[in-house]
Q: 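Would you mind keeping the following structure in view while I ask a few things?
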Amino acid sequence: MVDPIATRCLRLAWQGWCAGTLPVGAVVTDATGTVVAAERGRMFEPAPVAGRLAGCAVAHAEINALAQLPAAGQRPDHTLHVSLEPCLMCVGAAGMTAVGRLRFLGADPYAGASRHYRHTPYLAELPLRVDGPMRGGAGALGSALHLAYYLRTAPDAPAVAVHRRSMPEAFDLARRIVELDARQPERT
């Protein structure tokens, strides 16, 4: 069965890939599974989008999606879904925005920080449940798209070496994504 939220995360990540930025997609759902916020990474996009961070180191998909939520209140029944394991900043943002669950598709052995989430006295008021990585094609694609970005833009980056060692199957899929993309006409 196809998970529509995972599909939406991956579509947002693909939009990031096509825009030339880190391909990560994030969706926030409420208790009924209704999407209340969605965004993609915009870190390497120079053109700002109204109400979104772009062109800076904190323009991550998770930050831009969580920034759409009201400032006040706790959301223990909300879930942040992400195409890739969040970094330390984004895991912390999930806790600080008081969502009750973080669910990620693909593992990120280089910058993923879900296992480093720690409860401070503030964060212990609403513990964040973390689920991921997800098995199967969605998780593999979430990891591979992210790695493909580095293969395309910085093949000698440390992230590439870490993935090659720890996730050879994702490395092979990422290489195929880059090869297929190279055969396409130039994007304008």
Q: I'd like to know if Leu12 and Leu10 are part of one continuous hydrophobic network [Ile/Leu/Val/Met/Phe/Trp/Tyr, side-chain heavy atoms within less than 4.5 Å].
A: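 As far as the 4.5 Å side-chain criterion goes, Leu12 and Leu10 are not connected within one cluster.
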Q: Does Ile63 belong to the same Ile/Leu/Val/Met/Phe/Trp/Tyr cluster as Leu22, with side-chain heavy atoms less than 4.5 Å apart forming each link?
A: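 Different clusters: Ile63 never reaches Leu22 through Ile, Leu, Val, Met, Phe, Trp or Tyr contacts under 4.5 Å.
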Q: Locate the shortest heavy-atom distance separating Met43 from Cys56; write the atom from each residue and the value.
A: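 Heavy atoms only, the tightest pair is CG-O, 3.0 Å.
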Q: Which pairs pass salt bridge (charged side-chain N to carboxylate O under 4.0 Å, His left out) with one or both residues in residues 71-86, sequence neighbours excluded?
A: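 Matches after skipping sequence neighbours: Glu85-Arg115.
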Q: Keeping to residues at least two apart or across chains, list the salt bridge (charged side-chain N to carboxylate O under 4.0 Å, His left out) pairs with something in residues 47-73.
A: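 Passing the test, one end in residues 47-73: Glu39-Arg52.
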Q: Using side-chain heavy atoms (C-beta onward) and a distance below 4.5 Å, is Pro23 in contact with Trp14?
A: no
Q: Identify the two heavy atoms, one from Gly20 and one from Arg152, that lie closest to each other, and give their separation to 0.1 Å.
A: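 In terms of heavy atoms, the two residues are closest at CA-NH2, 3.7 Å.
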Q: Side chains of residues 168-176: which donor-acceptor pairs under 3.5 Å do they make with residues two or more places apart or in other chains?
A:
from, atom 1, to, atom 2, distance (Å)
Asp172, OD1, Arg175, NH1, 3.2

Q: Given side chains that start at C-beta, do those of Leu147 and Val160 come closer than 4.5 Å, heavy atoms only?
A: yes
Q: Would you find a donor on one side and an acceptor on the other, under 3.5 Å apart, between the side chain of Thr34 and the backbone of Asp30?
A: no
Q: Taking all non-hydrogen atoms of both residues, which atom of Glu45 and which atom of Ala19 are closest, and how far apart?
A: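 Closest heavy-atom pair between Glu45 and Ala19: OE2-CB, 3.8 Å.
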Q: Among all residues two or more places apart in sequence or in another chain, which pass the side chain to side chain donor-acceptor pair (under 3.5 Å) test with Thr120?
A: none
Q: Check for a donor-acceptor pair, side chain of Arg40 on one end and backbone N or O of Thr21 on the other, with a separation under 3.5 Å.
A: no
Q: If you look at every heavy atom in Ala61 and Val24, which pair is closest and at what distance?
A: CB-O, 3.3 Å
Q: For Cys9 versus Leu105, what's the shortest heavy-atom pair and its separation?
A: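 Shortest heavy-atom separation between Cys9 and Leu105 comes out as CB-CD1, 4.3 Å.
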Q: Taking side chain to side chain donor-acceptor pair (under 3.5 Å) as the criterion, tell me which of His78, Arg101, His81 meets it with Thr29.
A: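 The side chain to side chain donor-acceptor pair (under 3.5 Å) with Thr29 is passed solely by His81 among His78, Arg101, His81.
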Q: Is Arg8 close to Val35 at the side-chain level, that is, under 4.5 Å between some pair of heavy atoms?
A: yes
Q: Do Met96 and Val82 share a hydrophobic cluster, counting only Ile, Leu, Val, Met, Phe, Trp and Tyr and linking them when any side-chain heavy atoms are less than 4.5 Å apart?
A: yes
Q: Taking ring pair (Phe, Tyr, Trp, His ring centres under 6.0 Å) as the cut-off, I'd like each qualifying pair that reaches into residues 28-72, sequence neighbours left out, listed once.
A: Phe44-Tyr149
Q: Kindly compute the distance separating CD1 (Ile5) from OG (Ser83), expressed to the nearest 0.5 Å.
A: 13.0 Å
Q: Would the distance check show the side chain of Asp131 and the main-chain N or O of Arg103 forming a donor-acceptor pair, the cut-off being under 3.5 Å?
A: no
Q: Take Val28 and Gln68 through the side chain to side chain contact (heavy atoms under 4.5 Å, CB included) test and state the conclusion after the steps.
A: CA-CA 9 Å; Val28 180; Gln68 295 173 43; over 6 Å; no
Q: Rounded to the nearest 0.5 Å, what separates atom CH2 in Trp17 from atom CD1 in Ile177?
A: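 Taking CH2 in Trp17 and CD1 in Ile177, the distance rounds to 6.5 Å.
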Q: Minimum heavy-atom separation for Leu102 and Val91, please, with both atom names.
A: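 Taking Leu102 first and Val91 second, the nearest heavy atoms are CD2-CG2, 4.1 Å.
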Q: Under the rule for side chain to side chain donor-acceptor pair (under 3.5 Å), what residues qualify as partners of Arg11, not counting sequence neighbours?
A: none
Q: Do you reckon Leu53 sits in the same ILVMFWY cluster as Val27, going by side-chain contacts under 4.5 Å, direct or chained?
A: no
Q: Indicate if Tyr110 and Leu151 have the same hydrophobic cluster label, given that clusters are the connected sets of ILVMFWY residues with side-chain heavy-atom separations under 4.5 angstrom.
A: no
Q: In Å, rounded to the nearest 0.5 Å, how long is the span from CG of Leu69 to CG of Leu80?
A: 9.0 Å
